[in-house]
Amino acid sequence: MKISVVKTTTPRVKPDQNNLGFGRFFTDHMFIMDYAEDLGWHDARIIPYGPFPMDPACAVMHYGQAVFEGMKAYRSPEGKILLFRPEQNMARLNRSNQRMSIPQFDEDFALQAITQLVALDRDWIPEAPGTALYLRPFVFATDSVLGVRASSTYRFMVILSPVGPYYQEGLNPVSIWVEPHYIRAVRGGTGYAKAAGNYAGSLLAQKNAQAKGYSQVLWLDGLERKYVEEVGAMNVFFNIGGVLITPDLGDSILPGITRDSVLTLLRSWDIPTEERDLEVAEIFRAHAEGRLVEAFGCGTAAVISPIGRLGWKDQAIEIGGGKIGAISQRLYDTVTGIQTGRLEDPFGWVLELDN
Ligand SMILES: *Cc1c(COP(=O)(O)O)cnc(C)c1O
C-alpha cells in the first residue's frame, strides 16, 4: 500500500521546549488509514493535523471500541532520530485490536508509516533534557449505526506531540494510595489491552486518591483485593531485601515494554528478580521488618517513577526515606541513556531512522 502525502501550507508555531507539559501540543501532520470489510485497510495518507467530521452515531462514541499505543522518538547527540522498541508497540496494538474485535493491521506497514510521519515532522522533536516526541497511534470504530456489535469500519491514526518530563517535579517520588474498592481490570476482562475504556473506568479512583492527597492509585486484583497489579497506568516493582518483585503477567495486567526492558536490564546486572503474586500485606510486613528498599512504577511516559509513600487503609509508610532508590536511578539513567543514544544499545532495542 502506498502512502499519499499532503503537506501543510500553514506550519504551526513550535512551542517553548522548556514548557511542553505532556500531550498539549501537536505537530503539523498526522497519519490516517481506514478499514472497510470489502477493502481491508486502505487509503493510507499523511495529511495536515486537524479535526475531522464524525457522525453522531459513530460507534466508538457509544460502545467504546477503541485502542491506543504510546511510544517516543528521541534525537541522539549526533542528531539521529531514534525509536525505542517500536515493533513491540505495533504487536501490542494488534493484540489490543484482537481483544476489542478490531481487525488486525500489517505491523511492518504501520511502522513504516510512523517512521515516515516522524521524519516529516522531525523538526518537532525537542532536544532539551527529559523531552521527547510522543507518538500516539490509535484505532477506533467508525460505523454510523446504533446497535451493540462490532463495527464493520475503522480508522487507524497516528498523531505526534512534543512532550516534556512526565512529572513537572522531575524524578521525585510520588505518593500512592492502595485502592481498596474499585478495580482496573479482572481476569477475563480487557486489562491486557490498551483499550480506551480501561482508562475511563480508572478515573474515579484516581480522583478519590487525589482528594486524599495521593497522586496515583495502586490497583489490586479484582477477585480478592489482595494482590498488587499496577500503579496508575504503569507497571510496578518493589525491591524487597534486594529482590526486585513485579506481578506476573496475567490478562488483567498491561504487558509494559518498559517493564520488559527493566526485567532484561536487572537480569543483565545479576540483580535477582521475581515475577509472582505479591500481596500488599507482604509489602507492609517487609517495611515493618526494614526490608522494603525501594518501589517504582514504570511506563513509556514517565520511564521510572519512584514511589515515596504508600497509603493503605489507615496506615501510610514512607519508602526509601522518600528519596529515589539506587536501582530506580540506575534503571532511569540506563533506559533513557539507551533511548536517547547516549548509551550503547546491547539489546538491539533502538530503531534508527535513516533519513
Ligand atoms: C501503557 C501502560 C503501561 C506501560 O506500558 P509501556 O509499554 O511500558 O509504556 C502499563 N500499564 C498500563 C495500564 C498502561 O496503559
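Predicted model, so just to flag it, every value in this text is computed and none were measured. For ligands, and for the atoms within them, numbers begin at 1 and follow the listed sequence.
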Run down the list Ala233, Gly297, Gly232, Ala301 and name the one with the heavy atom closest to atom 3 (C) of ligand 1.
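Going through Ala233, Gly297, Gly232, Ala301 one by one, Ala233 has the nearest heavy atom to atom 3 (C) of ligand 1.
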
Select the closest option to atom 7 (O) of ligand 1 among Asp260, Leu254, Ile257, Val231, judged by heavy-atom distance.
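Result: the heavy atom closest to atom 7 (O) of ligand 1 is in Ile257.
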
Just to confirm my output: which protein heavy-atom neighbour is closest to [atom], and how far is it?
atom	answer
atom 15 (O) of ligand 1	Tyr199 OH, 2.3 Å
atom 1 (C) of ligand 1	Lys194 NZ, 1.4 Å
atom 9 (O) of ligand 1	Thr300 OG1, 2.6 Å
atom 11 (N) of ligand 1	Glu230 OE1, 2.5 Å
atom 4 (C) of ligand 1	Gly299 CA, 3.9 Å
atom 5 (O) of ligand 1	Gly256 CA, 3.3 Å
atom 8 (O) of ligand 1	Thr258 OG1, 2.6 Å

Classify the angle between the aromatic ring planes of Phe156 and Phe105 as parallel (below 30°), tilted (30 to 60°) or perpendicular (above 60°).
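Correct class here is perpendicular.
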
Measuring from the heavy atoms of [X], does anything fall under 4.0 Å of ligand 1?
X	value
Met71	no
Arg184	yes
Gly70	no

Looking at Val231 and Gly297, what are the two nearest heavy atoms and their distance?
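Looks like CG1-CA, 3.7 Å.
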
Looking at Phe296 versus Tyr332, is the centre-to-centre ring distance below 6.0 Å?
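When the ring centroids of Phe296 and Tyr332 are compared, they turn out to be at least 6.0 Å apart.
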
On the ring face of Phe25, is Arg12 found with NZ or CZ under 6.0 Å from the centre and within 45° of the axis?
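Because its charged atom misses either the 6.0 Å distance or the 45° angle limit, Arg12 does not stack over Phe25.
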
Same cluster (ILVMFWY, side-chain, under 4.5 Å), Met1 and Leu120:
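They do share one cluster, since a chain of ILVMFWY contacts under 4.5 Å joins Met1 to Leu120.
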
May I ask whether Met30 and Tyr134 are part of the same hydrophobic cluster, defined by side-chain heavy atoms of I, L, V, M, F, W, Y residues being less than 4.5 angstrom apart, directly or through others?
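Met30 and Tyr134: separate clusters.
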
List every atom of ligand 1 that sits less than 4.0 Å from any heavy atom of Met234, numbering the atoms from 1 in the order shown and giving each element.
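Going through ligand 1 atom by atom, the ones under 4.0 Å from Met234 are 10 (C), 11 (N).
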
Using only atom types and a distance under 3.5 Å, with no angle test, would you say the side chain of Asn89 pairs donor to acceptor with the backbone of Gly70?
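Such a contact is found between Asn89 side chain and Gly70 backbone.
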
Going by an N to O cut-off under 4.0 Å, is there a salt bridge joining Arg184 and Glu229?
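The answer is no: the pair does not qualify as a salt bridge.
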
Less than 4.5 Å apart, any side-chain heavy atom of Ile307 and any of Pro173?
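Side chain of Ile307 against side chain of Pro173, heavy atoms only: no contact under 4.5 Å found.
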
